[in-house]
Every structure is written in structure tokens, then in C-alpha cells.
Number of protein chains: 2
Amino acid sequence: MSLATDRGKLQSADKPTLYKQIRIDIERRILTGEWPPGHRIPFEHELMSRYGCSRMTVSKALSELAQADLIERRRKAGSFVRRPTFLSAVLKIADIRAEINALGRSYGYELIQCSRRTANATDRARLGAGKTGKVIAIACRHSADGVPFAIEDRLIDLDAVPEAAAADFAAEPPGSWLLHHVPWTEAEHSISAIVADEQAAAALDIAIGAPCLVIDRHTWRSARPLTAVRLLYPGESHKLIARFKGGLEG
Amino acid sequence: MSLATDRGKLQSADKPTLYKQIRIDIERRILTGEWPPGHRIPFEHELMSRYGCSRMTVSKALSELAQADLIERRRKAGSFVRRPTFLSAVLKIADIRAEINALGRSYGYELIQCSRRTANATDRARLGAGKTGKVIAIACRHSADGVPFAIEDRLIDLDAVPEAAAADFAAEPPGSWLLHHVPWTEAEHSISAIVADEQAAAALDIAIGAPCLVIDRHTWRSARPLTAVRLLYPGESHKLIARFKGGLEG
DNA sequence: CGCGATTTTATGTATAGACATATAGAGACG
DNA sequence: CGTCTCTATATGTCTATACATAAAATCGCG
């Protein structure tokens with residue numbers, strides 16, 4: 001009765017399950033450098049006796065570490081701490097409307113230009129499509145609390161995304177519309193810096209020659225190009241944050 | 001008999017193991033939109049009979065999808081396709097020396113300045129450390145095929161990384177040294193754009209006012225600041241690539 | 001009808017055992 | 001000494017079963 005009837009096991013406050021304990025334990029040793037890159041992790045049968053559990057259990061812990069790229073498993077040889085040859089950071093690029101809303105600022109959207117046309121050579125090159133038919137070209141501006149936040153220049157392949165023909169991009173930003181209506185499988189972001197030309201400066205309300213951060217995003221579904229977009233942000237006010245989390249959660 | 005002795009199962013050329021087939025199958029339906037966000041994935045017992053396998057097998061497939069954040073599993077309710085609120089892209093930021101070598105270009109390194117000092121207020125703010133003792137301040141330049149590639153301005157907390165006192169940063173770039181000698185648990189990259197001032201322009205051999213891509217990286221071990229670094233790249237020549245991979249590998 | 005207690009159910013963790021498979025390392029051979 | 005073959009072995013997958021746990025669904029009672 002009352003709170004917490006006495007269970008058979010009677011364990012401490014919160015037991016994070018055995019396989020998670022094992023995973024966290026190994027993770028800790030890797031992250032603190034106790035087991036440096038290249039170090040061979042104890043064999044499964046050693047971990048079995050060390051933790052007093054079955055092989056499936058230690059295997060589950062090791063599999064998750066492998067999936068998270070912290071270790072590498074090789075048959076017959078064992079499991080090894082991976083050598084981090086690069087920093088792998090997760091860059092979360094929000095839909096701009098969602099991003100501005102998340103900041104607690106009021107989102108503004110303005111369609112500057114929207115036209116449908118048969119793809120010319122430039123369009124095809126930009127999309128990376130071989131023989132494209134029709135495309136939609138969109139230019140628009142996002143603002144936060146009335147201040148220009150980013151300008152967007154987008155191309156949508158109408159053959160790959162026929163539903164886009166019916167969308168009202170005056171009412172909904174193309175990024176949001178696409179995110180919610182079009183499934184995609186691959187995306188690539190190329191990040192660079194430019195200085196504002198006259199047109200960009202006017203649209204973003206900054207000085208000509210001011211720095212701008214550029215994101216060129218290409219999106220595909222099963223290797224077929226869907227859309228190409230260039231986002232231009234005032235360079236010093238906007239920052240992209242990429243966070244690396246060595247460990248896994250919970 | 002010769003090739004491929006008749007096994008009991010007799011399967012096609014390459015069998016990607018059952019649980020992977022299941023995972024890829026579900027993944028495909030999610031990625032193509034057949035199962036949109038919020039859709040409930042068939043219960044484990046349904047998948048068991050659909051694929052004719054045990055529960056552990058379908059569970060393994062679903063667990064991997066959950067770890068990859070493609071689905072969400074809720075006890076008693078079932079497993080659901082996750083609603084992607086943002087684009088999550090993996091940004092691989094290589095060690096600069098490794099990056100240049102990988103491009104097949106010759107790496108050049110030049111230590112501009114290296115000094116040890118007691119942290120002043122600016123240093124402490126930059127590191128985000130409360131009461132810092134000594135720090136090492138480093139300025140250096142990386143080049144590829146003799147052309148300036150990036151300039152680096154770094155601060156290392158000597159209390160957190162005492163080994164750094166013995167490192168020879170004239171011989172080895174601090175980024176490489178740290179990556180190979182100092183374990184860390186968290187890193188944050190802030191990416192922005194600026195225009196080159198006189199000093200940066202001279203160091204990178206570009207015009208004053210030319211755009212530069214800036215990466216500010218902070219690294220911690222268990223919430224303790226280790227180092228803060230600012231990398232400045234010529235903005236139009238250098239691009240950061242962040243790739244999203246909807247699916248998991250093989 | 002509302003609400004708390006009970007039941008049901010889908011997932012979560014764990015087990016012991018089985019067979020598959022890649023491969024490091026040993027041994028055979030030239 | 002190199003190379004080729006074989007074998008031992010660690011991981012990879014899968015099964016059938018068991019119990020734990022969280023929460024949805026239902027029941028029962030006032």
C-alpha cells in the first residue's frame with residue numbers, strides 16, 4: 001500500500017538497466033581518454049563475466065556504441081575505440097519560420113517574386129538535373145520583428161514535385177511548405193560567406209559590402225533533385241550553431 | 001556443386017540480414033512519405049507475422065530506427081514516425097591539416113605568435129571559465145600549396161589542459177595536437193561571416209573588406225572549458241559541407 | 001457521469017542457446 | 001622467407017521464452 005510497495009528486487013532510486021550501465025561505463029572510459037583511440041575494448045565474454053550478464057546484453061551495449069560511431073567492431077579482432085579523424089557536429093537547421101518563432105519573435109514573410117518557367121541551362125546546372133522540364137523560381141524575404149532576417153532564392157523542380165504547382169507561396173513560405181509536404185531523402189548544405197551586393201543589401205537593409213552568411217541547400221529524393229535554395233543572412237547578426245555531443249543520451 | 005553450396009535457406013545473392021531488411025523497409029516507407037509523421041508503425045507482433053520472425057528481430061530493427069530518431073516508441077501505444085521539426089545535418093569539420101592532406105594539397109603551417117599568460121577578463125569571458133589561471137594564446141596560419149588557407153586564433157586553458165605546456169606548437173598545429181592528445185566531451189561551433197580587416201586581409205592575402213567565413217569553436221570536457229578557437233577562412237573559396245543522410249548506412 | 005482502481009497490452013530488458021561469417025593468426029609448404 | 005591454407009575465435013544474427021514497466025483502456029463505484 002501507499003507508495004512503492006516492496007518489489008522483489010528492491011533497487012536504488014533509479015536503475016538505468018544493465019546494458020545502459022555498460023554502455024555508459026564504456027562511453028565514460030572513452031570520453032575521459034582512459035581508453036584512447038585504437039584501444040581494444042574487452043571482448044564480449046570478458047564483459048559478460050565482468051558484469052555478470054549474458055552476451056546479448058553486452059552486445060546490445062556495444063552495438064549502440066558502434067551505431068553512434070564511438071567504437072568500431074571487427075569480427076575475430078574485437079571492438080576498438082574509434083580514432084576521431086574529424087569533428088562531427090550536428091547542425092540543426094530549422095525551418096526559418098519555426099526558428100524565428102522559437103526565438104519568441106514575430107515572423108514576417110514577403111513573397112518578392114514567383115514564376116514558373118521551363119528550365120534553362122542555368123536552372124538545370126543549379127538543380128543538378130539532367131533534363132528538367134518546368135521549374136518554379138521563388139524569391140522571398142523572411143523577417144523577425146519587422147527586421148529583415150534572411151532572403152531566400154529558390155528553385156523547385158516541378159517534375160519532381162508536381163504538388164508545388166498548386167501551393168500558394170504568397171501565403172506560406174516555400175521552405176515550410178516543402179518541409180511539410182514533400183518527403184526527401186538527402187540534403188546537402190554548403191556554407192560560405194560573401195559580401196552584400198546592391199540588391200542583397202537593399203533586401204536585407206544592410207550596407208553594400210557588409211558580410212553575409214550563405215547557405216546553399218540542395219535536396220533530393222532518391223538521388224533525384226527536388227529543390228535548390230540559397231539563403232542569405234546578415235553575417236554578423238546571424239550565427240549557425242553546431243553542437244557535438246560525444247555521448248548518447250540517457 | 002562448385003559455387004554456393006546449397007544452404008538450407010537458399011537465399012538470393014546477398015542477404016542483408018532480416019532485421020536490416022525490416023529496418024530498411026520501414027525506413028523507405030517513412031522517407032518516401034508512405035508513412036507520414038505521426039503514423040503508427042505496425043505493432044511488433046504484426047511485423048513478426050509479416051516477416052515471419054521473432055520479436056527480438058523486429059525489435060532490433062525498431063530500436064535502431066529509434067536511435068536514429070526516425071521513429072518514437074511509446075509503451076503500450078506503439079511506435080510512431082517522428083515529425084521532423086528541423087533539418088538535422090551532420091557537419092564534418094576536419095582537422096585542418098587532415099583536411100588539406102585529404103584534398104591532395106601540401107599542408108603548410110606557420111606559428112605567428114604563442115604566449116603564456118595569466119588569464120585576463122577577456123580571456124575568461126572567451127573561454128567561459130569562472131576563475132581561470134594560466135592560458136596559452138596562439139595565433140597561426142594554415143596554408144595549402146603555399147596559399148593561405150585559414151588563420152587560427154586560439155586560447156587554451158592550461159589548468160584544464162596542463163599537458164599543453166609541454167607541447168611544441170611551432171612544430172605541430174595546436175588543433176592537431178589537441179585532437180590527438182586531449183579527450184573532450186562537448187564541442188560547439190558557431191559559424192558566421194565577417195569582412196576582413198587589415199590584419200586578417202594581410203594574413204590571408206586577400207583584400208580588405210573581402211568576405212570571411214568564421215568558425216568559433218568551444219570545447220569542453222565534462223562542462224569544463226578546454227579551449228576556444230576562432231578560424232577565419234577566405235569566404236568565397238572555402239565552403240563547409242553539411243550532409244543530411246535520411247537513412248542509415250547499409 | 002466523473003473518477004479512481006484494475007486490467008490489458010505493447011514495449012523494454014534480459015536469458016541461454018544456436019548457427020553464420022569474417023578473419024587474425026598458426027601452420028604447412030614451397 | 002613469402003605465401004597459401006586451415007583453423008580457432010570474436011562478432012553477427014536469430015530464436016523462444018520470461019518477466020518488468022508504463023500507460024491506454026476498461027471497469028466499478030459513488
Side-chain angles (χ1 to χ4, degrees), chain A residues 1-26 38-67 70-82 248-250, chain B residues 3-24 26 39-67 70-82 248-250:
Chain A
M1 38 20 261
S2 67
L3 46 119
T5 66
D6 235 67
R7 302 302 176 77
K9 294 291 183 69
L10 175 52
Q11 59 249 3
S12 55
D14 56 334
K15 190 182 81 169
T17 72
L18 222 191
Y19 95 87
K20 256 178 202 161
Q21 275 187 25
I22 299 174
R23 196 199 64 190
I24 290 169
D25 197 17
I26 295 174
H39 176 86
R40 208 209 74 229
I41 281 164
F43 293 128
E44 293 188 349
H45 70 265
E46 298 178 280
L47 294 171
M48 280 172 67
S49 56
R50 160 155 18 197
Y51 292 98
C53 64
S54 76
R55 203 183 130 222
M56 281 295 298
T57 302
V58 305
S59 183
K60 180 161 186 175
L62 293 177
S63 293
E64 285 200 4
L65 291 170
Q67 205 187 333
L70 267 168
I71 68 171
E72 185 189 348
R73 311 188 76 189
R74 292 208 308 274
R75 272 179 157 122
K76 164 78 184 181
S79 301
F80 301 83
V81 178
R82 268 185 71 86
L248 311 159
E249 69 280 23
Chain B
L3 47 118
T5 67
D6 236 67
R7 303 299 177 75
K9 295 292 182 68
L10 174 51
Q11 59 253 1
S12 55
D14 56 333
K15 191 183 80 171
T17 73
L18 222 190
Y19 94 87
K20 258 178 200 161
Q21 275 188 24
I22 299 173
R23 197 199 64 192
I24 290 169
I26 296 174
H39 180 268
R40 206 208 74 228
I41 282 164
F43 293 128
E44 293 188 349
H45 68 266
E46 299 180 278
L47 294 172
M48 281 172 67
S49 55
R50 165 167 0 210
Y51 292 97
C53 64
S54 77
R55 202 183 129 221
M56 281 297 296
T57 302
V58 306
S59 184
K60 180 161 185 176
L62 294 176
S63 294
E64 286 200 5
L65 290 170
Q67 204 186 333
L70 267 166
I71 68 171
E72 186 188 349
R73 308 189 76 190
R74 291 208 309 274
R75 270 179 158 122
K76 165 75 187 181
S79 300
F80 300 83
V81 179
R82 268 185 70 88
L248 311 158
E249 68 282 23

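Chain naming here is simple, since letters A, B, ... match the order of the sequence lines and numbering starts at 1 in each.
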Separation of [N] [atom2] from [X] [atom1] (nearest whole Å):
{"X": "A:E72", "N": "D:dA10", "atom1": "CD", "atom2": "C1'", "answer": "14 Å"}
{"X": "A:R40", "N": "D:dA10", "atom1": "CZ", "atom2": "P", "answer": "9 Å"}
{"X": "A:L18", "N": "D:dA18", "atom1": "CG", "atom2": "C1'", "answer": "16 Å"}
{"X": "A:M56", "N": "C:dT15", "atom1": "CE", "atom2": "C1'", "answer": "9 Å"}
{"X": "A:E64", "N": "D:dT11", "atom1": "CD", "atom2": "P", "answer": "17 Å"}
{"X": "B:Y51", "N": "D:dT13", "atom1": "OH", "atom2": "P", "answer": "17 Å"}

Got a sec, which residues hit salt bridge (charged side-chain N to carboxylate O under 4.0 Å, His left out) with [X], two or more places apart in sequence or on another chain?
{"X": "A:E72", "answer": "none"}
{"X": "A:R55", "answer": "A:E44"}
{"X": "B:R40", "answer": "B:E46"}

List in chain and number order the residues that pass side chain to side chain contact (heavy atoms under 4.5 Å, CB included) with B:R75, two or more places apart in sequence or in another chain; answer none if no residue qualifies.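 B:R75 satisfies side chain to side chain contact (heavy atoms under 4.5 Å, CB included) with no residue once adjacent residues are dropped.
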Mind checking ring pair (Phe, Tyr, Trp, His ring centres under 6.0 Å) for A:F43 and listing every partner two or more places apart, or none if nothing turns up?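 A:F43 satisfies ring pair (Phe, Tyr, Trp, His ring centres under 6.0 Å) with A:H45 once adjacent residues are dropped.
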Under a 3.5 Å threshold, yes or no: a donor from one side chain and an acceptor from the other, between A:Y19 and A:E64?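 Present: a donor and an acceptor within the cut-off.
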For nucleotides 10-12 of chain C, print each protein N/O atom paired with a nucleotide N/O atom at under 3.5 Å, atom names and distance only.
from: C:dT11; atom 1: OP2; to: B:E44; atom 2: N; distance (Å): 3.1
from: C:dG12; atom 1: OP2; to: B:R73; atom 2: NE; distance (Å): 3.2
from: C:dG12; atom 1: OP2; to: B:R73; atom 2: NH1; distance (Å): 2.5
from: C:dG12; atom 1: OP2; to: B:R73; atom 2: NH2; distance (Å): 3.3
from: C:dG12; atom 1: O4'; to: B:R75; atom 2: NH2; distance (Å): 2.9
from: C:dG12; atom 1: N7; to: B:R55; atom 2: NH2; distance (Å): 2.6
from: C:dG12; atom 1: O6; to: B:R55; atom 2: NH1; distance (Å): 3.2

